[in-house]
S.K.: 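Quick one: this structure, given as C-alpha coordinates, is what I'll be asking you about.
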Amino acid sequence: EPEVTQTPSHQVTQMGQEVILRCVPISNHLYFYWYRQILGQKVEFLVSFYNNEISEKSEIFDDQFSVERPDGSNFTLKIRSTKLEDSAMYFCASGGDSGGPSYRSYNEQFFGPGTRLTVL
Amino acid sequence: GDSVTQMEGPVTLSEEAFLTINCTYTATGYPSLFWYVQYPGEGLQLLLKATKADDKGSNKGFEATYRKETTSFHLEKGSVQVSDSAVYFCAPELNNYGQNFVFGPGTRLSVLP
(Lines give C-alpha, C1' and ligand atoms only; values in the text may rest on other atoms or scores of the structure.)
Protein backbone atom coordinates (compact mmCIF):
# COMPACT_ATOMS: atom_id res chain seq x y z
CA GLU A 1 0.00 0.00 0.00
CA PRO A 2 1.55 3.33 -1.01
CA GLU A 3 1.99 5.81 1.81
CA VAL A 4 3.09 9.35 2.49
CA THR A 5 6.52 9.61 4.08
CA GLN A 6 8.09 12.50 5.97
CA THR A 7 11.63 13.33 7.03
CA PRO A 8 13.04 13.92 9.50
CA SER A 9 10.85 12.39 12.18
CA HIS A 10 12.17 14.91 14.70
CA GLN A 11 13.91 18.24 14.05
CA VAL A 12 15.43 20.39 16.76
CA THR A 13 16.47 23.92 15.86
CA GLN A 14 17.41 27.22 17.44
CA MET A 15 15.02 30.16 17.29
CA GLY A 16 15.64 32.25 14.19
CA GLN A 17 17.03 29.38 12.15
CA GLU A 18 15.54 28.15 8.90
CA VAL A 19 14.12 24.64 8.70
CA ILE A 20 12.92 22.56 5.79
CA LEU A 21 10.50 19.74 6.40
CA ARG A 22 10.30 17.14 3.68
CA CYS A 23 7.46 14.99 2.45
CA VAL A 24 7.11 12.43 -0.30
CA PRO A 25 3.42 12.25 -1.24
CA ILE A 26 1.77 9.26 -2.86
CA SER A 27 3.00 9.26 -6.42
CA ASN A 28 -0.20 9.68 -8.44
CA HIS A 29 -1.81 12.24 -6.15
CA LEU A 30 -2.51 15.74 -7.33
CA TYR A 31 -3.17 17.73 -4.14
CA PHE A 32 -0.70 18.26 -1.34
CA TYR A 33 -1.20 19.72 2.10
CA TRP A 34 0.56 20.74 5.26
CA TYR A 35 -1.09 20.73 8.67
CA ARG A 36 0.33 21.28 12.11
CA GLN A 37 -0.62 20.12 15.58
CA ILE A 38 0.71 21.91 18.60
CA LEU A 39 1.12 19.40 21.41
CA GLY A 40 -2.22 18.37 22.82
CA GLN A 41 -4.15 20.77 20.60
CA LYS A 42 -6.16 20.54 17.43
CA VAL A 43 -4.90 19.86 13.95
CA GLU A 44 -4.64 23.12 11.99
CA PHE A 45 -4.58 23.55 8.23
CA LEU A 46 -1.61 25.47 6.87
CA VAL A 47 -1.64 25.25 3.09
CA SER A 48 -2.78 23.26 0.08
CA PHE A 49 -0.90 22.97 -3.20
CA TYR A 50 -2.14 21.98 -6.62
CA ASN A 51 -0.75 22.27 -10.11
CA ASN A 52 2.51 23.72 -8.79
CA GLU A 53 0.96 26.55 -6.89
CA ILE A 54 -0.68 27.32 -3.57
CA SER A 55 -4.44 26.87 -3.83
CA GLU A 56 -5.45 27.70 -0.26
CA LYS A 57 -3.64 28.91 2.83
CA SER A 58 -4.61 29.75 6.38
CA GLU A 59 -3.81 32.77 8.49
CA ILE A 60 -1.04 30.77 10.13
CA PHE A 61 0.78 30.48 6.80
CA ASP A 62 2.43 33.89 6.82
CA ASP A 63 5.50 35.17 4.99
CA GLN A 64 7.77 33.02 7.14
CA PHE A 65 6.38 29.91 5.49
CA SER A 66 6.82 28.64 1.96
CA VAL A 67 6.18 25.41 0.11
CA GLU A 68 7.79 23.89 -2.90
CA ARG A 69 7.61 20.81 -5.04
CA PRO A 70 11.15 20.95 -6.38
CA ASP A 71 11.42 17.72 -8.32
CA GLY A 72 8.01 16.17 -8.90
CA SER A 73 8.26 13.82 -5.94
CA ASN A 74 9.19 15.83 -2.85
CA PHE A 75 6.94 18.44 -1.24
CA THR A 76 8.70 20.71 1.22
CA LEU A 77 7.66 23.18 3.88
CA LYS A 78 10.21 25.86 4.73
CA ILE A 79 10.06 28.04 7.80
CA ARG A 80 12.44 30.94 7.24
CA SER A 81 13.06 32.14 10.77
CA THR A 82 11.62 29.82 13.36
CA LYS A 83 9.89 31.05 16.49
CA LEU A 84 9.28 29.22 19.74
CA GLU A 85 5.60 28.96 18.89
CA ASP A 86 6.40 27.06 15.70
CA SER A 87 7.15 24.02 17.86
CA ALA A 88 4.57 21.45 16.78
CA MET A 89 4.02 18.25 14.88
CA TYR A 90 3.82 18.97 11.16
CA PHE A 91 1.81 16.62 8.99
CA CYS A 92 1.98 16.35 5.24
CA ALA A 93 -0.98 14.91 3.34
CA SER A 94 -1.79 14.12 -0.25
CA GLY A 95 -4.96 13.29 -2.13
CA GLY A 96 -6.76 13.49 -5.42
CA ASP A 97 -5.84 10.32 -7.24
CA SER A 98 -5.23 11.04 -10.89
CA GLY A 99 -6.94 7.83 -11.87
CA GLY A 100 -5.78 4.32 -12.38
CA PRO A 101 -6.90 0.94 -11.20
CA SER A 102 -8.01 2.04 -7.74
CA TYR A 103 -9.93 5.27 -7.98
CA ARG A 104 -10.31 7.27 -4.80
CA SER A 105 -12.44 10.23 -4.06
CA TYR A 106 -10.74 13.55 -4.57
CA ASN A 107 -11.59 14.62 -1.06
CA GLU A 108 -9.81 11.84 0.82
CA GLN A 109 -6.45 12.82 2.23
CA PHE A 110 -3.63 10.47 3.21
CA PHE A 111 -1.42 11.68 6.01
CA GLY A 112 2.23 11.11 6.68
CA PRO A 113 3.53 10.15 10.14
CA GLY A 114 4.56 13.72 10.90
CA THR A 115 7.72 15.63 11.76
CA ARG A 116 8.07 16.87 15.30
CA LEU A 117 9.68 20.31 15.23
CA THR A 118 11.19 21.62 18.44
CA VAL A 119 12.35 25.24 18.47
CA LEU A 120 14.66 26.13 21.36
CA GLY B 1 -17.08 30.72 9.22
CA ASP B 2 -16.94 26.96 9.02
CA SER B 3 -16.35 25.18 12.29
CA VAL B 4 -16.58 21.89 14.09
CA THR B 5 -17.75 21.16 17.61
CA GLN B 6 -16.65 17.86 18.99
CA MET B 7 -17.26 16.14 22.28
CA GLU B 8 -14.62 17.01 24.84
CA GLY B 9 -12.45 14.25 26.11
CA PRO B 10 -10.87 12.35 27.51
CA VAL B 11 -13.30 9.47 27.35
CA THR B 12 -12.49 6.37 29.37
CA LEU B 13 -14.45 3.18 28.78
CA SER B 14 -14.18 -0.47 29.69
CA GLU B 15 -13.66 -3.02 26.95
CA GLU B 16 -16.91 -3.97 25.16
CA ALA B 17 -18.65 -0.75 26.21
CA PHE B 18 -20.67 1.33 23.74
CA LEU B 19 -19.00 4.43 22.37
CA THR B 20 -20.50 7.67 21.09
CA ILE B 21 -18.42 10.71 20.19
CA ASN B 22 -20.57 13.64 19.15
CA CYS B 23 -19.67 15.94 16.29
CA THR B 24 -21.61 18.87 14.87
CA TYR B 25 -20.46 21.31 12.25
CA THR B 26 -21.33 24.54 10.56
CA ALA B 27 -20.50 24.90 6.90
CA THR B 28 -21.88 26.40 3.74
CA GLY B 29 -23.39 23.84 1.44
CA TYR B 30 -23.17 20.14 2.09
CA PRO B 31 -19.61 19.13 2.83
CA SER B 32 -18.31 15.60 2.87
CA LEU B 33 -17.70 14.47 6.42
CA PHE B 34 -14.80 12.47 7.78
CA TRP B 35 -13.57 10.87 10.95
CA TYR B 36 -9.82 10.53 11.33
CA VAL B 37 -8.04 8.55 14.04
CA GLN B 38 -4.59 9.14 15.51
CA TYR B 39 -3.08 6.19 17.35
CA PRO B 40 -0.33 6.93 19.89
CA GLY B 41 2.83 8.13 18.19
CA GLU B 42 1.35 7.96 14.70
CA GLY B 43 -0.12 10.27 12.08
CA LEU B 44 -3.74 10.69 11.12
CA GLN B 45 -5.58 7.87 9.40
CA LEU B 46 -8.92 8.06 7.71
CA LEU B 47 -11.41 6.02 9.73
CA LEU B 48 -14.58 6.57 7.74
CA LYS B 49 -16.42 9.10 5.63
CA ALA B 50 -19.80 10.04 4.22
CA THR B 51 -20.27 12.23 1.19
CA LYS B 52 -23.97 13.04 1.20
CA ALA B 53 -26.98 13.28 3.48
CA ASP B 54 -28.12 10.03 5.12
CA ASP B 55 -24.97 8.21 4.02
CA LYS B 56 -23.49 5.96 6.67
CA GLY B 57 -19.75 5.54 6.81
CA SER B 58 -18.38 2.44 8.50
CA ASN B 59 -15.05 0.82 9.18
CA LYS B 60 -13.55 -1.44 11.87
CA GLY B 61 -16.90 -1.60 13.67
CA PHE B 62 -17.23 2.20 13.81
CA GLU B 63 -20.19 3.95 12.17
CA ALA B 64 -21.30 7.50 11.58
CA THR B 65 -24.37 8.79 9.73
CA TYR B 66 -24.48 12.10 7.85
CA ARG B 67 -27.42 13.97 9.40
CA LYS B 68 -28.11 17.05 7.33
CA GLU B 69 -31.04 18.21 9.45
CA THR B 70 -28.97 18.32 12.63
CA THR B 71 -25.61 18.99 10.89
CA SER B 72 -24.13 16.13 12.86
CA PHE B 73 -21.86 13.18 12.22
CA HIS B 74 -21.63 11.30 15.50
CA LEU B 75 -19.20 8.41 15.75
CA GLU B 76 -20.42 5.16 17.33
CA LYS B 77 -19.11 1.71 18.06
CA GLY B 78 -21.08 -1.01 19.75
CA SER B 79 -18.22 -2.74 21.55
CA VAL B 80 -14.87 -1.00 21.94
CA GLN B 81 -11.54 -2.78 22.30
CA VAL B 82 -8.32 -1.78 24.02
CA SER B 83 -6.79 -1.31 20.56
CA ASP B 84 -9.33 1.47 19.84
CA SER B 85 -7.53 3.73 22.31
CA ALA B 86 -6.60 6.77 20.23
CA VAL B 87 -7.58 10.35 19.48
CA TYR B 88 -10.54 10.76 17.13
CA PHE B 89 -10.99 13.84 14.94
CA CYS B 90 -14.16 14.90 13.18
CA ALA B 91 -13.39 16.76 9.94
CA PRO B 92 -15.79 18.24 7.42
CA GLU B 93 -14.18 19.36 4.23
CA LEU B 94 -14.13 23.08 3.68
CA ASN B 95 -15.15 23.06 0.05
CA ASN B 96 -16.28 20.64 -2.58
CA TYR B 97 -12.82 20.06 -3.96
CA GLY B 98 -11.34 18.76 -0.71
CA GLN B 99 -8.99 21.68 -0.56
CA ASN B 100 -9.00 21.95 3.17
CA PHE B 101 -10.25 20.19 6.22
CA VAL B 102 -11.44 21.84 9.38
CA PHE B 103 -10.50 19.44 12.11
CA GLY B 104 -12.35 19.21 15.38
CA PRO B 105 -10.30 19.46 18.56
CA GLY B 106 -10.05 15.70 18.89
CA THR B 107 -11.44 13.34 21.51
CA ARG B 108 -9.02 11.10 23.34
CA LEU B 109 -10.44 7.64 23.99
CA SER B 110 -8.90 5.27 26.48
CA VAL B 111 -10.27 1.74 26.65
CA LEU B 112 -9.42 -0.27 29.74
CA PRO B 113 -9.22 -4.08 29.75
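Note that this is a predicted model, so its numbers are computed, not measured. Residue numbers begin at 1 in each chain, while the letters A, B, ... track the order of the sequences.
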S.K.: Do A:Tyr31 and A:Val24 belong together in a cluster built from hydrophobic side chains that touch within less than 4.5 Å?
M.R.: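 No, no single cluster joins them.
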S.K.: Is A:Glu44 close to chain B through its backbone or its side chain, or both, or neither, when contacts mean heavy atoms under 4.5 Å?
M.R.: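 A:Glu44 has no heavy atom closer than 4.5 Å to chain B.
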S.K.: Can you get from A:Ile38 to A:Tyr90 by hopping between Ile, Leu, Val, Met, Phe, Trp and Tyr side chains that sit under 4.5 Å apart?
M.R.: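 No; A:Tyr90 is not reachable from A:Ile38 via cluster members.
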S.K.: Is the count of non-hydrogen atoms from other residues, nucleotides or ligands lying under 6.0 Å from A:Arg69 atom CZ greater than 12?
M.R.: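 Correct, the count exceeds 12.
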S.K.: Taking the six-membered ring for Trp and the full ring for Phe, Tyr or His, determine whether the centres of A:Tyr35 and B:Phe103 are under 6.0 Å apart.
M.R.: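 They qualify: ring centres under 6.0 Å apart.
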S.K.: Who passes ring-ring contact (aromatic ring centres under 6.0 Å, His included) against B:Phe89, sequence neighbours left out?
M.R.: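 With neighbours one apart ignored, the set is empty.
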S.K.: With sequence neighbours left out, which residue pairs that include part of residues 72-87 of chain A fulfil the side-chain hydrogen bond (donor to acceptor under 3.5 Å, both in side chains) condition?
M.R.: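 Applying side-chain hydrogen bond (donor to acceptor under 3.5 Å, both in side chains) to every pair that reaches into residues 72-87 of chain A, excluding sequence neighbours, yields A:Asp71-A:Ser73, A:Asp71-A:Asn74.
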S.K.: Measuring heavy-atom distances to chain A, does B:Leu44 have an atom under 4.5 Å in its side chain, in its backbone, in both, or in neither?
M.R.: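 Contact with chain A involves both backbone and side-chain atoms of B:Leu44.
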S.K.: Could you work out, with ring-ring contact (aromatic ring centres under 6.0 Å, His included) as the rule, every residue matching A:Phe91, not counting sequence neighbours?
M.R.: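 A:Phe91: no ring-ring contact (aromatic ring centres under 6.0 Å, His included) contacts found.
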S.K.: Relative to chain A, which segment of B:Gln38 carries a heavy atom at a distance below 4.5 Å: side chain, backbone, both, or neither?
M.R.: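 Contact with chain A: side chain only.
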S.K.: Is it the case that over 12 heavy atoms from other parts of the model lie below 6.0 angstrom from the CD atom of A:Glu18?
M.R.: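 Count over threshold, so yes.
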S.K.: Taking a hydrophobic cluster as the set of Ile, Leu, Val, Met, Phe, Trp and Tyr residues connected by side-chain heavy atoms closer than 4.5 Å, whether directly or through intermediates, do A:Val47 and A:Ile60 fall within one such cluster?
M.R.: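 In one cluster with A:Val47: A:Ile60, yes.
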S.K.: Applying a criterion of heavy atom separation less than 4.5 Å, what residues of residues 111-119 of chain A form contacts with chain B?
M.R.: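 Within residues 111-119 of chain A, near chain B: A:Phe111, A:Gly112, A:Pro113.
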